[in-house]
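Read the structure below first, then the notes.
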Amino acid sequence: MQVPLLDLKAQYDQIRDEIEPVLRRVVESQYFILGPEVEGLEEEIAAYVGTPTAIGCASGTDALLLPLMALDPEPGDEVILPAFTFFATAGAVWNAGFTPVFCDIDPHTFNVTRESLEAVWSDRTRAVIPVHLFGQMAPMEEILPLAAEHGAVVIEDCAQAIGARRERGDDSVMAGAWGEIGAFSFFPTKNLGGFGDGGIVTALDETLADAVAKLRVHGGRQMYHHEMVGTNSRLDALQAAILRVKLRHLDRWTEGRRKNACRYHGGLDEVDETDLPEVLDGNVHVYNQFTIRARERDRLREHLAERGIGSGIYYPVPLHLQACFSELGGREGQLPESESACRDVLSLPIFPELGEARVDRVIDEIRSFYGH
Ligand SMILES: *Cc1c(COP(=O)(O)O)cnc(C)c1O
């Protein structure tokens, strides 16, 4: 029995009959960029996340880049982000003209905390990017007051966390509806994935939303009139139409991921050589990845691969030690929790269509590797 890390075909098989007419509709309309499908998706995502506005764009990377550009940095202005995240978070900060400042993570949730941000805060800090890594929200109720005290903007990196929620009072609030800005990716492997690249920005702040809407079309709402220098970062109508179909299934797929996670916990909880993902009180985790920490990680990964089981290492190198940022002076030992996570994380198959038998097979092979 083969167990791939991800199987997008299994998902497409379920929705083929809904997708095909929608593709035909867009092709027949010959309206390919922005337009009614994108506006429809923007309204539906804003309603889903719980923000007044959403603005479609070309990728998750651009969903970070455009709001950062809207902050119009002076040289030396800083943005704080975790050292343990996908590269795009840092790339967007750099490309917008900010200096990235890397902070450490909580070893149990892989997310930033108020303390980890405070440790690197400076009077040049203009914004912070809490990344809701692997599908679990960072403790926003600690982060928002810290940012507010210093007048910094909070941009949530929600690329892996669409549908994730966190308790606030008697309520629960979705990822992307806490900070001024939420940045989402529709890359095919995300929980809501298109048939290509795509992204969306959610916004509580109207001024920033307006700037993002301009920046994605070369900096002006009116054609040939440019208030600022933006870029081309538009969402395709085809992607939007596909995503509108898939959004209707998202909560069911999320439940599938959560069920798989629950089964892994049942089978691996007492295996001392592994640490399973810890869910912070008040969080609903959506498991874009099910990432464990494992003793002899590389040997375990090989053992699984030899038995037809896929796994992934997200991420092998922390951002402060990436060659492209060497001029920032990052050094080994600087952010010990991020560095340690890079050495022992392993992501296991978690996609909704996985099924109990294949989860059990992964559990059995991990147990037998450690001699249980
Ligand atoms: C995927 C991802 C992005 C970038 O999204 P793209 O659509 O691939 O540009 C940014 N941040 C994180 C944490 C991601 O996982």
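Only this structure's heavy atoms are used, side chains among them; waters, hydrogens and symmetry mates stay out. In each ligand, atom 1 is the first atom listed, and ligand 1 is the first ligand listed.
- Of all the atoms in ligand 1, the ones that sit under 4.0 Å from a non-hydrogen atom of Thr89 are 11 (N).
- Annotation: atom 15 (O) of ligand 1 to nearest protein heavy atom, Lys190 NZ, 2.6 Å.
- Remark: ligand 1 atoms within the under-4.0 Å shell around heavy atoms of Ala159 are 2 (C), 3 (C), 10 (C), 11 (N), 12 (C), 14 (C), 15 (O).
- The side chain of Asp157, and not its backbone, has at least one atom closer than 4.0 Å to an atom of ligand 1 (non-hydrogen atoms only; side chain from C-beta on).
- Each of the following atoms of ligand 1 lies closer than 4.0 Å to a heavy atom of Gly60: 4 (C), 5 (O), 6 (P), 7 (O), 9 (O).
- The environment of CD in Gln14 is crowded: more than 12 heavy-atom neighbours from other residues, nucleotides or ligands sit within 6.0 Å.
- Looking at Glu302 and Arg299, no side-chain N of the basic residue comes within less than 4.0 Å of a carboxylate O on the acidic one, giving no salt bridge.
- The ring-ring contact (aromatic ring centres under 6.0 Å, His included) search around Phe195 returns Tyr12, not counting sequence neighbours.
- Backbone and side-chain nitrogen or oxygen atoms of Ser185 are examined, and one is located within less than 3.5 angstrom of a nitrogen or oxygen of ligand 1.
- Of the protein's non-hydrogen atoms, the one nearest atom 9 (O) of ligand 1 is Thr61 OG1, 2.5 Å.
- With a 4.0 Å heavy-atom cut-off, ligand 1 is reached by the side chain of Thr85 but not by its N, CA, C or O.
- With His320 as the partner, the side chain to side chain donor-acceptor pair (under 3.5 Å) test is satisfied by one option alone out of Glu339, Arg331, Glu332: Glu339.
- Note on Asp344 versus Arg297: no salt bridge recorded, every NZ/NE/NH1/NH2 to OD/OE distance being 4.0 Å or above.
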Could you tabulate the donor-acceptor pairs under 3.5 Å formed by side-chain atoms of residues 169-180, not counting sequence neighbours?
residue	atom	partner	partner atom	Å
Trp178	NE1	Val173	O	3.0
Trp178	NE1	Met174	O	3.4
Glu180	OE1	Val154	N	2.9

